[in-house]
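Notes follow once the structure below has been shown.
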Amino acid sequence: MPLPNKRLSLMRRISLTLLPAFAAFAIPGYALAQTPARPPAQSPASPAPAAGPDGVMLVFERFADVYGSRLVAAFDSIPAGRYDYRPTPAQQPVGYIAQHLEDANYALCERFSDVKHRRAAQDSLADTVKARWPKDTLVERLRASLRFCDSALDRAGGLRSAALASSLLAFETDLAEHYSQLATYMRLLGLIPPSALPPKPRTAIALSRAALAKYVGLYRLAPGFELRLTLKDDSLFAQASTGNRPVQLWPESPNDFFVKEADAQVTFKWDARGAVTGLVLHQYGRDRAGAKVH
């Protein structure tokens, strides 16, 4: 399938089933931690800092984490010698898709806040020239564009306007659609897309009910978005305030737990008195912290 004009491709409409499917699958992915938002850059016109992300924004951020990390892993997995691969002459090669995504990420994520990408001379080169850059260059530039989007999302505050919602959907639909495109290319090349790989095997250890009881409580991830940990039959379960079913947390060490339904791990944090103060979620190549509030 050929890539349409960039500006048109940025505004593709999201499938009505995509977000519900993501929410059902990635319970630990979006229902866990969120780092405190960094303060936005100040300007005379807007001296007040933006509010931290709310629960709805947290879902958008987790969705971006999912497809951003899958895209990077996919480009990493494709051999450098196949970056000129295209299934048919009408389609764009792997290298072209990589540079297109970088450009699209900056164009869309600049809409989220006052953060702007500082462009260099290389950015103005023709797409066909950038598409022939070395694999390592293309992958690192894609990573940099996603880090920029992380910063822009951190500074966006809550979802308070239709314009922001439209930009978020355009950004995340673009990531999802291009991952689908790249996954098809990988299948045709005889490669397994990242989303089809099984999670790394992990071995659970036994912890006593008394040890697990220390983690029971309420963890606040964002305003209006909490995670409640409970004990049931000597096992630790986590349930998000969004109403999804509880997910069991399996101990890998006294501080580290994992989820079997997805490639996600949790590390608990302690204070000097031995009390649990919070947790850190490790997923999609990101570490996100959440505080224990009760």
Side-chain angles (χ1 to χ4, degrees), residues 20-36 55 58-74 76-77 146 150 179 183 192-222 225-271 274-294:
F22 162 72
F25 170 75
I27 293 170
Y30 77 87
L32 292 179
Q34 167 65 37
T35 51
L58 183 57
V59 174
F60 278 105
E61 291 187 22
R62 301 308 290 155
F63 191 97
D65 284 349
V66 171
Y67 284 100
S69 65
R70 286 179 179 175
L71 279 163
V72 170
D76 260 341
S77 301
L146 290 167
D150 289 341
Y179 175 71
I192 301 176
S195 54
L197 294 172
K200 173 185 174 182
R202 295 182 179 275
T203 302
I205 65 171
L207 290 181
S208 68
R209 182 180 182 87
L212 293 175
K214 297 177 181 178
Y215 304 112
V216 170
L218 191 67
Y219 296 78
R220 182 159 296 147
L221 314 172
F225 205 103
E226 297 167 338
L227 185 72
R228 184 174 296 278
L229 270 58
T230 58
L231 275 177
K232 181 180 179 182
D233 299 330
D234 296 333
S235 297
L236 189 66
F237 286 83
Q239 184 171 22
S241 57
T242 49
N244 299 102
R245 64 179 177 83
V247 176
Q248 185 170 353
L249 299 180
W250 298 82
E252 194 171 24
S253 79
N255 292 331
D256 303 298
F257 289 68
F258 65 94
V259 176
K260 291 185 176 180
E261 292 86 346
D263 188 10
Q265 301 82 46
V266 168
T267 299
F268 287 96
K269 296 298 182 181
W270 303 72
D271 64 16
V276 177
T277 58
L279 55 77
V280 178
L281 170 69
H282 314 286
Q283 192 175 25
Y284 311 127
R286 301 285 301 276
D287 295 335
R288 293 178 176 268
K292 186 177 183 181
V293 296
H294 179 67

Q) What is the minimum heavy-atom distance between Tyr179 and Ala74, and which atoms define it? A) CE1-CB, 4.3 Å
Q: Just jot down the side-chain contact (heavy atoms from CB on, under 4.5 Å) partners of Asp271, sequence neighbours excluded, or say none.
A: Arg273, Ala275, Thr277
Q: To the nearest 0.5 angstrom, please state how far the CG atom of Leu218 sits from the CG atom of Leu229.
A: 9.0 Å
Q: Applying side chain to side chain contact (heavy atoms under 4.5 Å, CB included), run through Leu231 and Arg209 and close with a yes or a no.
A: CA-CA 8 Å; Leu231 275 177; Arg209 182 180 182 87; 3.9 Å; yes
Q.
To check you understand the geometry: which heavy-atom pair defines the closest contact between Ala211 and Tyr215, and what is its length?
A. O-CE1, 3.6 Å
Q: Check Ala238 against Leu227 and note the closest heavy-atom contact, atom names and distance.
A: CB-CD1, 3.9 Å
Q. So which heavy atom on Leu212 is nearest to which on Asp234, and how close?
A. CD1-O, 3.3 Å
Q.
Applying side-chain contact (heavy atoms from CB on, under 4.5 Å), can you list everything that pairs with Ser69, at least two apart in sequence or on another chain?
A. Tyr284
Q) About how many Å separate CZ of Phe268 and NZ of Lys214, when rounded to the nearest 0.5 Å? A) 12.5 Å
Q: Taking all non-hydrogen atoms of both residues into account, name the closest pair between Leu207 and Pro251 and its distance.
A: CD1-CB, 3.5 Å
Q: Check whether any side-chain N or O of Lys269 sits under 3.5 Å from a backbone N or O of Gly290 as a donor-acceptor pair, and report yes or no.
A: no
Q | Partners passing side-chain contact (heavy atoms from CB on, under 4.5 Å) against Arg202 (at least two apart in sequence or in another chain) | A | Lys200, Glu252, Phe258, Gln265
Q: Working to the nearest 0.5 Å, report the span between CZ of Arg220 and CZ of Arg228.
A: 10.5 Å
Q: Take atom CD1 of Ile192 as the centre, draw a 6.0 Å sphere, and report whether it contains more than 12 heavy atoms from other residues, nucleotides or ligands.
A: no
Q | Glu261 side chain reached by Arg245 side chain, heavy atoms, under 4.5 Å | A | yes
Q. What distance do Leu279 atom CG and Asn255 atom CG have between them, rounded to the nearest 0.5 Å?
A. 12.0 Å
Q: For Leu281 and Ala264, work out which heavy atoms get closest and say how close.
A: CD1-CB, 4.1 Å
Q.
Nearest 0.5 Å, please: how far is CG in Asp263 from CG in Leu197?
A. 10.0 Å
Q.
Pairing donors with acceptors under 3.5 angstrom, does anything connect the side chains of Thr267 and Asp256?
A. yes
Q. Roughly how far apart are Thr203 OG1 and Trp250 CH2, rounded to 0.5 Å?
A. 12.0 Å
